[in-house]
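Owing to the predicted nature of the structure, the values given are computational and were not obtained by experimental measurement. One-based numbering along the sequence shown.
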Amino acid sequence: MKLFPGLLFCSLVLGVSGQWYSFVREAAQGAWDMWRAYSDMREANYKNSDKYFHARGNYDAAQRGPGGAWAAKVISDARENSQRITDRLKFGDSGHGAEDSKADQAANEWGRSGKDPNHFRPAGLPDKY
């Protein structure tokens, strides 16, 4: 009588812990994908490439699975919210106003939804990226 509930409990714990581990691994890999896209954007320093790198980072992260998509959303939202706060503290606009933030978020969502990030790729951006 106690064996069945014990086996059921153990299988649930092992099943959930396996899914939990997978989610965390995907999230870590997705965060790395976002960092790589950001680093590439800084390295490329290419005019009008911002939206491409937003879409590419989110796309790569989301391809990892639910954990990667979650990490991409959290990181993207944090980045846009921090820009909004710093704009207010500077008593002006750093060039990242509400319109730019909306466009960034649209590119983020485009990538996370699995659409091709090359849609935002500017002409002439080196193939390395």
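A donor-acceptor contact closer than 3.5 angstrom links the side chains of Ser22 and Glu26. A donor atom on one side chain and an acceptor atom on the other are found under 3.5 Å apart for His54 and Asp50.
Nearest heavy atom pair, residue Leu125 against residue Ala44, reads CD1-CB, 4.2 Å. The heavy-atom pair separating Gly57 from Ala37 by the smallest distance is CA-CB, 3.5 Å. Across all non-hydrogen atoms, the minimal contact from Asp127 to Arg121 is CA-NH2, 3.7 Å. Ala61 and Ala72 make their closest contact through CB-CB, 3.8 Å (heavy atoms, listed as atom of the first residue, atom of the second, distance).
With Ser82 contributing its side chain and Arg79 its backbone, the two residues share a donor-acceptor pair below 3.5 Å. Side-chain N or O atoms of Tyr46 include none that pairs as donor or acceptor with a backbone N or O of Pro122 at under 3.5 Å.
Classified by interplanar angle (parallel below 30°, tilted 30° to 60°, perpendicular above 60°), the ring pair Trp110/Phe120 is perpendicular.
Cluster annotation: Phe23 and Trp32 are assigned to distinct hydrophobic clusters (Ile/Leu/Val/Met/Phe/Trp/Tyr, side-chain heavy-atom contacts under 4.5 Å, transitive). Hydrophobic cluster membership is shared by Tyr38 and Tyr52, with clusters built from Ile, Leu, Val, Met, Phe, Trp and Tyr side chains linked at under 4.5 angstrom.
Inter-residue side-chain proximity for Lys51 and Asp100 is flagged as met; some heavy-atom pair is nearer than 4.5 Å. Side-chain contact check for Asp60 versus Met34: every heavy-atom pair is 4.5 Å or farther apart.
For residues 38-49, the set of pairs meeting the salt bridge (charged side-chain N to carboxylate O under 4.0 Å, His left out) definition, not counting sequence neighbours, comprises Asp40-Arg56, Glu43-Lys128.
Contact check on Arg112 versus Glu109 returns a salt bridge, with a Lys/Arg side-chain nitrogen under 4.0 Å from an Asp/Glu carboxylate oxygen.
Annotation for Tyr59: hydrophobic cluster partners, listed by chain and number, are none (ILVMFWY side-chain heavy atoms under 4.5 Å, direct or chained).
Here the CG-NZ distance, from Asn58 to Lys115, works out to 13.0 Å after rounding to the nearest 0.5 Å.
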